[in-house]
Amino acid sequence: MAKEILVSELSKSFSLSTPEFGIIKLDQAALSIVYEPSRIEILDTGYKFCSKFAEPGYAIFSHIISSGYLRDYDVENLFAFDVIIHNIDRGGKRGKPNLLINDKDLLLIDHE
């Protein structure tokens, strides 16, 4: 959780957008709507890192978006940020961009 908070705050130094975050403690019983009891039993009961939902209008970044469209964004800044935080999730073999995009902004996410 500390890493998630640190990375969220560090992203501001790179002028990168991330959702606002918070720390929550979930009522494990409320998870029964989504998960089987056997899955709930193995979940950590402590506090969790969470983030605010992105506003409507963002799409998941994908290979469909051409590199020409990305010229308006600071891709080098994003790459430098990922190198510093040792982020190996964005793209590559895993195929998870961990980015949302709209007409004016990239929004960094960690969907796991």
Side-chain angles (χ1 to χ4, degrees):
M1 183 168 40
K3 179 186 173 203
E4 299 290 344
I5 293 169
L6 181 63
V7 167
S8 290
E9 289 299 314
L10 183 61
S11 68
K12 295 173 187 175
S13 299
F14 282 76
S15 300
L16 296 169
S17 297
T18 58
E20 291 187 37
F21 70 89
I23 306 300
I24 61 171
K25 186 163 184 169
L26 297 172
D27 176 7
Q28 301 291 77
L31 297 175
S32 63
I33 298 168
V34 181
Y35 296 107
E36 296 292 324
S38 59
R39 172 79 170 122
I40 295 171
E41 289 173 8
I42 63 171
L43 293 175
D44 178 38
T45 59
Y47 289 91
K48 308 283 187 277
F49 177 87
C50 64
S51 62
K52 183 179 177 181
F53 278 112
E55 295 134 21
Y58 279 96
I60 297 172
F61 184 88
S62 73
H63 68 282
I64 296 170
I65 299 171
S66 72
S67 59
Y69 186 71
L70 285 176
R71 289 186 189 135
D72 295 338
Y73 298 99
D74 192 356
V75 177
E76 295 86 0
N77 197 23
L78 177 58
F79 177 76
F81 178 73
D82 282 344
V83 168
I84 288 172
I85 66 167
H86 300 281
N87 182 21
I88 59 171
D89 278 353
R90 204 172 323 280
K93 294 178 185 176
R94 288 181 169 72
K96 300 184 304 184
N98 286 0
L99 281 174
L100 299 179
I101 191 168
N102 67 13
D103 290 338
K104 60 183 178 172
D105 204 10
L106 289 172
L107 185 66
L108 282 65
I109 60 169
D110 187 352
H111 53 74
E112 295 176 331

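- Sequence neighbours left out, the pairs with a member in residues 78-87 that pass salt bridge (charged side-chain N to carboxylate O under 4.0 Å, His left out) are D82-R90.
- Linking Ile, Leu, Val, Met, Phe, Trp and Tyr residues whenever their side-chain heavy atoms come within less than 4.5 Å places I85 and L78 in a single cluster.
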What pairs of donor and acceptor atoms, side-chain ones from residues 11-23 against any protein atom, are under 3.5 angstrom apart with sequence neighbours left out?
from	atom 1	to	atom 2	distance (Å)
S11	OG	S8	O	2.6
S11	OG	T18	OG1	3.4
K12	NZ	E9	OE1	3.3
K12	NZ	E9	OE2	3.1
S17	OG	D105	OD1	3.3
S17	OG	D105	OD2	2.8

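- Between the CG atom of N98 and the CG atom of N87 there is a distance of 6.5 Å, given to the nearest 0.5 Å.
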Side-chain donor-acceptor pairs under 3.5 Å in residues 25-42, sequence neighbours left out?
from	atom 1	to	atom 2	distance (Å)
D27	OD1	A29	N	3.2
S32	OG	A29	O	2.9

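- Here the closest heavy-atom approach between residue K48 and residue M1 is recorded as C-SD, 3.9 Å.
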- Task: Start with the C-alpha gap between I5 and F49, add the side-chain angles, then the distance that decides, and say whether side chain to side chain contact (heavy atoms under 4.5 Å, CB included) holds.
- Result: CA-CA 8 Å; I5 293 169; F49 177 87; 3.9 Å; yes
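- For the atom pair CG of L106 and OH of Y58, the computed distance is 8.5 Å after rounding to the nearest 0.5 Å.
- Note: L107 CG to I101 CD1 = 10.5 Å, rounded to the nearest 0.5 Å.
- When the shell of 6.0 Å around NZ of K3 is examined, it contains 12 or fewer heavy atoms from other residues, nucleotides or ligands.
- Note on L10 and L108: same hydrophobic cluster, where clusters join Ile, Leu, Val, Met, Phe, Trp and Tyr whose side-chain heavy atoms are under 4.5 Å apart, directly or indirectly.
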